[in-house]
Amino acid sequence: MNVNDAKQIYIGDVGPGVKKRDPILIADSVTRTFGGNTAVNVEHVEIPRNMITALIGPNGAGKTTFFNLLTGFDKPNSGNWTYDGQKLAGVPAFKVARRGMVRTFQLTKSLALLSVMENMRLGATKQKGENIFRAMLPFLWRDQEKANTAKAMELLGRFKLDTKKDDYAASLSGGQRKLLEMARALMSDPDLVMLDEPMAGVNPALTQSLLGHILGLKDQGMTVLFVEHDMHMVQTIADWVIVMAEGKIVAEGYPSVVMQDQAVIDAYLGAHHDVDLGTLTGQLAVAEDIDPHLVEELREEVSADPELAEELAEEQNRTEQ
Amino acid sequence: MAPLSATAAPLTAASAVEAPASASVRSATIDPASATESIGVWVRLDSNKAAVAGVKVTVTGSGGFSSDVVSGADGKVTVGLPGAGDYTVKLDETSVPAGDGVPRAGTNPRTVTVAANSTGVPAYFLLTTATGGSSTSAPGSTTSPGSSSSDASSGPSLFDLLVPRLASGLIFGLLLALACIGVSLIYGTTGLNNFAHGELVTFGGLMGWVLAGPLGLPGPIAVIGALVLGGVMGYVQDLGLWRPLRKKGVALIPLMIVSVGLSLALRYTFQVIFGPGTLVAPNDTSAAVNWGPVHLRSSDLIGAIVCIVLLLLVAFVLLRTRIGKATRAVSDNKALAAASGINVERVIRLVWIGGGALAGIAGALIGYYQTIRWDTGASILLLIFAAVTLGGLGTAFGALVGSIIIGLFIEVSTIWLPANLKFVAALVVLIIILLIRPQGILGKRDRIG
Amino acid sequence: MDIVLETTDLVAGYLPGVNILNGCNVYVERGELVGIIGPNGAGKSTLLKAIFGQVNIRSGTVSLSGEEITGLKADKLVTKGVGFVPQSNNVFPSLTIEENLQMGTYQKPKTYKERIEFVTNLFPELGKRLKQRAGSLSGGERQMVAMSRALMMNPSLLLLDEPSAGLSPVRQDETFINVAQINRAGVSVMIVEQNARRALQICDRGYVLDQGRDAYSGTGRSLMSDPKVIELYLGTLATDHTATTSTPTQGG
Amino acid sequence: MDFTFIPLAFGQLLSPQTIGFALAALGLAVHFGFGGLLNFGQAGFMSVGGYFFAITAVKFGFPFWLSLVAAIIGAVIFAFILGIPTLRLRADYLSIVTIAAAEIVRYTVQTPQIAPFTGGSDGINGSSAAFDALNPIPPGRYGIAPLLYSASDLWIIICGWGAVLVLGLLVWQLMRSPWGRVIKGIREDEDAVRSLGKNVYAYKMQALILGGVLGALGAVVAIIPTSLQPENFGTQTTFFLFTIILLGGATTVLGPIIGSIIFWVVLSLSDGILSILVTNHIVPLSTVQQGPIRFIIVGVALMLLVIFRPQGILGKKRETYFSV
Amino acid sequence: GSTTSSSSSAGTGLTLNIGTILPQTGSLATLGPPAIEAVNLAAADINAANVGITVNVTQKDSGDTSTNIATQSVTSLLASNVSAIIGAESSSVSLTVIDQIAKAGVVEISPANTSPTFSTYNSNNFYWRTAPSDVLQGRVLGQKVLKDGATNVSILWQNDSYGQGLHDNVTKAITDGGGTIVADTSFDPKATSFSAEVGATLAPKPDAVVVISFDQIKQIVPEFKTAGFDFTKFYGSDGNYGVIDPTYTNVDIAGAQFTNPGVKASDDFVSKLAAQTSKDGAKALSVYSYAPESYDAVVLLALAALQGKATDGTTLKNNLQKVSEGGTKATSFADAAKLIAAGTDVDYDGLSGPISFAANGDPQQAYISIYKYGTGNTNAYESQEFGDLSK
Ligand SMILES: Nc1ncnc2c1ncn2[C@@H]1O[C@H](COP(=O)(O)OP(=O)(O)OP(=O)(O)O)[C@@H](O)[C@H]1O
Ligand SMILES: Nc1ncnc2c1ncn2[C@@H]1O[C@H](COP(=O)(O)OP(=O)(O)OP(=O)(O)O)[C@@H](O)[C@H]1O
Ligand SMILES: CC(C)C[C@H](N)C(=O)O
Ligand SMILES: [Mg+2]
Ligand SMILES: [Mg+2]
């Protein structure tokens, strides 16, 4: 919890849309509807600079859509936002990225018939050789290319993809694609990196080591905004959490605070997400915060099956002791 | 060229030249029957083509030739000439019977070029009473293509122009739609842009022709035969070529090229077998219905009805039946379809059979609507693709909508555009619509990210 | 032992000359819930796909209740009562949710009514938007559709590839409970998960796959506490966290 | 038996037609093989280039170099007209739009109303005068029988292959540069490339222009020894170009060039062999049937080639495992 | 192509290698066979005459303009060292290859090109033709229409070199004679539907309709019939003459008239052609358009070679005019060859008419025949007009 920090993140009362001391991104009344369904309806939100902010919320809350809007991949019905003080609404996606705001995709987009290394190199910005005329004169860009390659190698090592560097990206597994996507985004040294569920499908040990890397990048001045359903990860590295539901920002705050928020727990986390599901009691307990219907079902199941009933009784005995 | 003065000036360039020449040649008559060159003058009324007798006409030529003649009872008179060359023909307007009017503006006097050995070179005068308003029809004026240049009063109204075109556009659109569905479904289920689909259409047309023509079966049986044989052809193609290729895991673009190769091979095979000419199945080509300016043969009407019925049937199958839904599922995601228990190969085979059958019947109907050639299908392939794309790739209904739009635009555009640009009109419409709706009319966009 | 599914020395791969599975031996007993975990790229998805006839098997066999099914086509397996939820591309984007679910009962359309009730109970969100095209769904919603489609089949053996990925925490838990429930109802389940601790909690047995081989196996719980597995694969993040829920994170 | 067809077929190795198709195919490889732009209207680029060249040369009497520049400018303009609205379309939609655009060009130039300018459906003859005027080779017949070339043949062959060499190297260099990497990235997934801060639209446009200019230059080489005929730039030409690049390998630089050579040599050989068979009554066909048969052979050859070597002669086998 | 070499002729004679590019495929393919067979026949006749010249023929396809076959055929012919090429039939195809042939110093002689474009085309005199320019046919056709009493005429024409040229000349003849073109509609040679075009053509209710097309006429006439058109007001030309025949039963075009350059093929010629055709194993001919012109083209080339005592392209082009005009008339190859051997200036008048070349390679005089259809789509020779283009 960053309450102890010398610098406080927000100004005024904590709550949805609270002002930040040093915001990098400010969005105002951004809405997007599909047919009759409002996917995003954000009145005001600020993303603190040089912090790691987690954007959480139930499935279909509008997180990805919000990302799409902010980065110019989708057009809002209304709304305005500024990045680093500059207006960003209506700016095409590639320009958004050039200004230092780089994103990844929830459903990965690897460049299948490019090698992993080429994927990485493509991530680098300000490449001289990307100009068609200079491209014809290799001596103009050869050094830069070398430097990019070295940097890419280093990142790939961290993401455990170094052995795959010459393979086509098409031959990566689901998790590896996620990793490549994130590594590629980091090639551009973004000021603000927006990760859409970066660790979904990545194995826990690797996730853990990557978190360290992200923290390191933050130390170098980078701002991170990420969507994630893995609460361990959110609690480990997020400085700030924003909760979205049904298109709106419904809560904001320090991770530990937000995660104790009853509304958030009800709608999203569940009170018992650390309870062991290996036992019927555990399942019942968890089911309780999800859906009374599920509880009922479980109970029915138990009562219909004497073996299960016995098991449940035993378990309850054990916990009571 | 001699100046064509509209006024009845007595002197033309030619007659001016003639003045200093010897007078002895004047009015010399050459026997038109024996002359190797002659001019045939014919004076008639513009309105009803009736002959006008007793009109004086003077023909003058170089070397001082001049001949005065008077039109006979049939309005005609032939003038024998001394040789080839330019002659000036002038009608004496004072000799025209009262009320018969004057020659069309700009036609009197007129220079007529007579080539060697030409007899009876026409030099006609059409007398009209409509004086002032004769702004049009100067000889040699280039007329706007595709439309009449004669007086506005006799010109057809926009309605008369539009309605027949709407009718034929609609019929063609429906035929096109039948041909399109196969393309759309095959693209949908297998991702293949089948450039050999035109040949399925041609095949159907040729089979229809064989059945109705050389074999002399009645038309409806020929059409049904084309449907069946088209289905068989689709099946054979899938079995013999596409399925093995799918098994081999050949990618889509190479597959597309295979279809280009197949198209070439089939098309020219048809040519070897059926010859390079246009084939015509026996058909009653007189109009069965005449709705104002619209003339339709019975085969046109029946064809249109068959199209509509079949299209409705296809719609029903796709939307309502299990196999129809399976078709769409396969087109979305083959692996997952298989994982849902759908026999993907079977669905694809059905699509080939169905697509082939529809293409076959479309070909046979096109054979009746137009004619059939070894390359009929290939020549409409682009339209098929355009229609499928316009509607939204892989959506069967899109193909229908697209086809009808294309069919209509091809025909209707000829009201304003030169006919050879009619495809251009349809293609421009295609481009414009795609700019507004890049996913096609009925296509849907998926989300990003 | 009543073995429902068994692979023996399975070797399979995509590119010629490159084997992804290198002699993989796993089995599922009737009514068992087996978890498969392993680092990214270990070959977990490949294993499921190989079992399901979607990857070339180069040697080794797969058998279903004693009958060899090596390389059998997917739709045949469905007939035999195997259900599969792939890791990616697991919905029909241009079909509506309803149609997606109908595809689940493709072989037994009669059961649709009954199953749809079951599934919409499970994911009420889906029930509310049956007419939405799956292609426009959010990542998590897709995952629900994918899972539901497989459940529509009412299979006797269910292969799940990371069913919880992209789901919100409550939905994840719910999914696991449901899987356990389904399993208790008699369905044998093989589940690949990166959310490993949760998965191992409900599993009877688990395998750790590494480089195309079954590197470790054991009961769910024994794997969870095996230090080698922790080091190689599980990491300590989640455990750390359980132990120190209220420790403030130290930000930079 | 007359076996001159064999050396003759190999004469296609050098023919301006081969060169023209090689250049146009190289352009198509830039569009499609490298950039993923499914351009089915390459014939349109050729047509536009040819017309700009021929009209300026014949109707305005431009010197050769100026006409050449005009052809390039023509292709650039066409690329802009085509690209500005359509580069946003998905690949398969783009293919239909480009095919339509090429057909529009073909129909439009034939409109009788503008025939004084475009030559209508006759096309334009005699655009090579300025080029031949630059010919330093003394008149005469060169080469070994039966491959004899006139001085002007030789001149265009030398210049044409020179152009292929220079432009081939240029494309090769571009494709291994970061610019080429972006182009290839766009082929795979343009949203991903966009998210990395590349102006996808501009890159696509550059690729469209580059490939289009190559097409235009190909047309110039092809029409110099013969004449400009609008019908020569129909969809069949584009299909042949696709055949060529797939034959050689779409994602290589040498592929389109080799593909073009093979295509024309094989076409010519098939004709020769057929002639022998027909003339000697080995196959029961009349001369009239021989015409279509070679297309049947081409079609079947094309299918067999794709079936047995889907990646093309120079392409990497590996790529075909990850289907497009 | 088939090589009709054969006959070990008079020992030390000349050998003339000629190629053809005639339509085996494409939209004129129906009119290819008569010319192809006539060329074979002429070569056989020449070789049989045994007068010191052997003709070898290589036949190649010209395709139509939508394929590049003509260029390729020519390339291959040039490489096999032909000194003359017969073809193409379509004017547009000829235009594609004319420069290529001329640059190679080879004579191109077309039996069927009628587009006026060629009269002024600068080919260094390597281009010749035995069919008259459409200045003549256009005039005859236009005047015929007027003479039959029609003054408001619609023209429906195919937009290519041939169609354009004929259209221009028909239009000129009609407007010069005092008639009016009331609808002027062109169509793409590859069009597949003609309802809009026919609609536009008939909209102003013309007195007569002139249709200039190739085999598209098969699709055009049903549209006329459906619209209730009276076919006595229908005029066609060489491109579509003979396409409609008794096997075509859907529409009876009785009364329709067609012009066709050249004289009616003589019965003798027709039967010789039939014999040649069956010898070549080809399908029996149904039309004879441009067969006489093709025959004459071969003969003239052989005569020019005999006259110049060499078979290279330049010799041929320098002697073609000479053997075609001025001098003692001869009507068969054998007779003409004898005269040349005797050193007499010969004027070959062939099967197609009194061919006499102008300096530009055009025949100066020619007949245009007019054919009229009767019931059952039979057609009969009606009359012929003699035309002289020299003035
Ligand atoms: N193109 C679209 N058409 C229709 N509805 C859409 C479209 N895109 C998104 N939606 C809907 O908008 C809502 C928000 O989707 P979004 O992807 O932003 O959710 P999310 O918060 O990222 O969810 P998840 O955590 O599951 O990824 C969802 O209910 C989704 O179905
Ligand atoms: N289509 C493919 N072509 C070639 N190689 C592939 C393909 N798919 C996966 N691979 C390779 O096979 C190996 C195993 O992949 P697989 O998808 O089975 O991994 P996984 O264990 O499911 O990983 P994850 O947890 O990341 O999903 C990886 O090294 C990957 O690079
Ligand atoms: C065969 C003929 C109909 C050819 C036509 N006269 C032309 O010049 O194109
Ligand atoms: Mg999301
Ligand atoms: Mg996986």
Side-chain angles (χ1 to χ4, degrees), chain A residues 67-68 71-73 92-105 107-115 117-138 140-142 144-145 148 167-171 180-181 184-185 187-188 190 194 196, chain D residues 30 32-36 76 88 166-211 213 249-252 311 315-324:
Chain A
F67 265 33
N68 285 348
T71 51
F73 280 89
F94 77 94
K95 282 196 181 147
V96 172
R98 275 195 199 163
R99 291 199 194 164
M101 193 168 139
V102 173
R103 68 157 314 174
T104 65
F105 294 92
L107 305 173
T108 51
K109 295 184 178 299
S110 51
L111 307 168
L113 289 189
L114 257 53
S115 70
M117 181 48 96
E118 288 283 65
N119 263 275
M120 290 299 283
R121 288 197 190 113
L122 194 62
T125 49
K126 301 204 182 75
Q127 295 191 48
K128 296 195 189 98
E130 286 184 356
N131 174 296
I132 183 165
F133 299 109
R134 262 175 285 173
M136 298 176 205
L137 307 168
L140 288 177
W141 44 263
R142 207 165 270 148
Q144 196 185 23
E145 188 86 347
N148 285 341
D167 288 359
Y168 283 135
S171 69
L180 174 61
E181 174 124 356
R184 194 175 59 197
M187 274 300 285
S188 65
M194 302 171 64
D196 199 348
Chain D
V30 170
F32 169 70
F34 293 108
V76 174
R88 268 183 282 266
V166 170
L167 294 169
L169 281 175
L170 180 92
V171 172
W172 179 71
Q173 176 54 42
L174 277 177
M175 286 310 158
R176 53 200 282 278
S177 75
W179 183 85
R181 182 160 62 224
V182 178
I183 294 294
K184 289 182 237 170
I186 290 171
R187 171 187 72 198
E188 301 302 327
D189 188 328
E190 55 179 90
D191 279 333
V193 175
R194 207 171 269 137
S195 77
L196 297 171
K198 323 287 178 201
N199 186 349
V200 168
Y201 194 65
Y203 279 101
K204 278 184 164 183
M205 187 62 90
Q206 289 166 12
L208 193 67
I209 290 174
L210 176 63
V213 167
T251 56
T252 61
Q311 75 276 31
K316 295 186 203 117
K317 182 88 185 160
R318 213 155 56 120
E319 285 181 3
T320 61
Y321 288 98
F322 309 97
S323 47
V324 191

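Below, chains carry the letters A, B, ... as their sequence lines are ordered, and counting in each starts from 1. Since we're looking at a predicted model, the values are computed, not measured.
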Closest approach of [X] to [Y] (non-hydrogen atoms, all atoms of both residues):
| X | Y | value |
| --- | --- | --- |
| A/Pro138 | D/Gln173 | CG-NE2, 3.1 Å |
| A/Val102 | D/Ser195 | CG1-O, 3.8 Å |
| A/Arg98 | D/Gly197 | NE-O, 2.9 Å |

Contact check, side chains of [X] and [Y], non-hydrogen atoms, under 4.5 Å:
| X | Y | value |
| --- | --- | --- |
| A/Leu122 | D/Lys184 | no |
| D/Val200 | A/Phe94 | no |
| A/Gln127 | D/Lys198 | yes |

Would you mind telling me which of [options] has the largest number of heavy-atom pairs within less than 4.5 Å of chain D?
| options | answer |
| --- | --- |
| A/Thr108, A/Leu114, A/Ile132 | A/Ile132 |
| A/Glu181, A/Lys95, A/Glu145 | A/Glu145 |
| A/Ala185, A/Gly123, A/Ala135, A/Pro92 | A/Ala135 |
| A/Arg121, A/Glu130, A/Met101 | A/Glu130 |
| A/Arg99, A/Lys128, A/Glu118 | A/Glu118 |

D/Glu188 side chain to A/Leu113 backbone, donor-acceptor under 3.5 Å: yes
Engaged part of D/Tyr201 at the chain A interface, taking heavy atoms whose separation is under 4.5 Å: neither
